[in-house]
Number of protein chains: 2
Amino acid sequence: MPVRVKTYLQERGINPSMQRVAVMHYLLNYFTHPTVDEIYSNLSKSMPTLSKTTVYNTLKVLVENGAALQLTIDEKNTRYDGNTHPHAHFICLGCGKVHDVEGVNLAAVDKTDHNGLQITETQVYYKGYCEECQKINH
Amino acid sequence: MPVRVKTYLQERGINPSMQRVAVMHYLLNYFTHPTVDEIYSNLSKSMPTLSKTTVYNTLKVLVENGAALQLTIDEKNTRYDGNTHPHAHFICLGCGKVHDVEGVNLAAVDKTDHNGLQITETQVYYKGYCEECQKINH
DNA sequence: TTTCAAAGTTGTAATCATTACATCTTTGTT
DNA sequence: AACAAAGATGTAATGATTACAACTTTGAAA
């Protein structure tokens with residue numbers, strides 16, 4: 001497993017330090033679209049010397065090199081996704097959880113340019129209430 | 001003009017105080033997808049007693065009552081849009097300006113539900129570089 | 001093997017958008 | 001005129017993110 005992640009980073013031109021491998025490994029194995037805090041809290045357990053600044057720095061490197069996506073769907077916290085294939089996201093306004101939304105025809109809205117704009121990224125976000133939160137509130 | 005905005009708010013069940021009319025008027029006349037700071041700075045000139053907290057409160061009321069859209073396209077600042085018709089947005093990673101993107105077939109990705117999710121809002125965001133910033137950098 | 005520089009990590013302090021909250025003002029009603 | 005509810009204001013707190021300086025690791029050259 002660690003070997004795979006190491007290779008994964010190297011293939012993207014990222015020096016695979018222990019911390020970077022740990023963060024990338026987290027993103028590739030947990031599909032919660034985690035915040036910096038979630039990643040930090042969980043990795044701290046096994047890496048007590050890990051610094052939150054390092055998690056910030058690492059995520060920046062991963063995003064800049066195309067190894068992770070940065071999601072701005074949540075007003076409160078930036079979220080990260082290790083799945084870099086184009087896909088839509090949903091956030092529940094009740095519990096705050098972020099899910100992937102499969103089966104969206106992203107090609108219909110995907111663009112690389114528009115009236116002279118050079119487009120490097122397309123995001124489709126849905127907001128609403130998940131099944132559990134529908135029961136609780138409305 | 002102020003009369004129109006007053007009516008606009010009342011039609012949406014919003015008590016049209018002077019401050020609310022001013023903020024709504026700004027959103028309906030400037031298409032910069034302004035931040036709280038932009039709105040506050042500009043309105044302060046003619047309303048010196050305006051408080052930034054009031055701008056926050058007002059925008060919350062407008063969004064809750066469907067008179068404005070809240071955009072999370074910009075990691076730095078929340079942005080607001082007085083155009084509540086569904087349309088896509090673009091942010092320039094160089095200068096930070098947000099533009100509307102016309103001609104996107106939003107119906108292709110618009111959903112009201114998906115696997116039990118109750119979807120209340122759909123956002124399509126593009127990121128990249130505008131014409132001016134393409135010249136300057138890349 | 002030592003030396004050294006570059007890259008990476010760490011912890012603390014600063015920044016800055018947003019929210020909480022208590023007080024004051026406005027508005028409309030009895 | 002008195003009062004209550006809604007709205008506005010200013011200040012203080014919160015909390016995510018960034019800046020920065022010091023420390024550590026890594027790997028190559030001598």
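Below, chains carry the letters A, B, ... as their sequence lines are ordered, and counting in each starts from 1. Computed over heavy atoms, backbone and side chain alike; hydrogens, waters and symmetry mates excluded. Owing to the predicted nature of the structure, the values given are computational and were not obtained by experimental measurement.
Between A/H33 and A/H87, the ring-plane angle classifies as tilted under the 30° and 60° cut-offs. A/Y125 and B/Y125 have perpendicular rings, their planes meeting at more than 60° on a 0 to 90° scale where under 30° would count as parallel.
Closest approach of B/V101 and A/K111 over heavy atoms only: CG1-CE, 4.4 Å.
Think of the region where chain B sits on DNA chain D: with heavy atoms and a 4.0 Å cut, that region ends 5' and 3' at D/dG7 to D/dT18. You can see that DNA chain C meets the heavy atoms of chain A within a 4.0 Å-exclusive cut from C/dG8 to C/dT19, reading 5' to 3'.
Put simply, the side chain of A/L43 reaches to within 4.5 Å of the side chain of A/I39, judged on heavy atoms. Between B/V23 and B/L59 the shortest side-chain heavy-atom distance falls below 4.5 Å.
Crowding of A/M47 atom CE: a count of heavy atoms from other residues, nucleotides or ligands under 6.0 Å exceeding 12.
Judged by distance alone, the side chains of A/Y80 and A/Q70 do bring a donor and an acceptor atom under 3.5 Å apart. A side-chain N or O of B/Y26 and one of B/E38 form a donor-acceptor pair less than 3.5 Å apart. A/E132 and A/Q134 share no side-chain donor-acceptor pair at under 3.5 Å.
Both tests hold for B/R12 against B/Y8: distance to the six-membered ring centre under 6.0 Å, angle to the ring axis within 45°.
Heavy-atom nearest nucleotides on DNA chain D were determined for B/M18 and for B/E75, and the one closer to the 5' end corresponds to B/M18.
For residues 35-64 of chain B, proximity to DNA chain C is found at B/T53, B/Y56, defined as any non-hydrogen atom under 4.0 angstrom from a strand atom.
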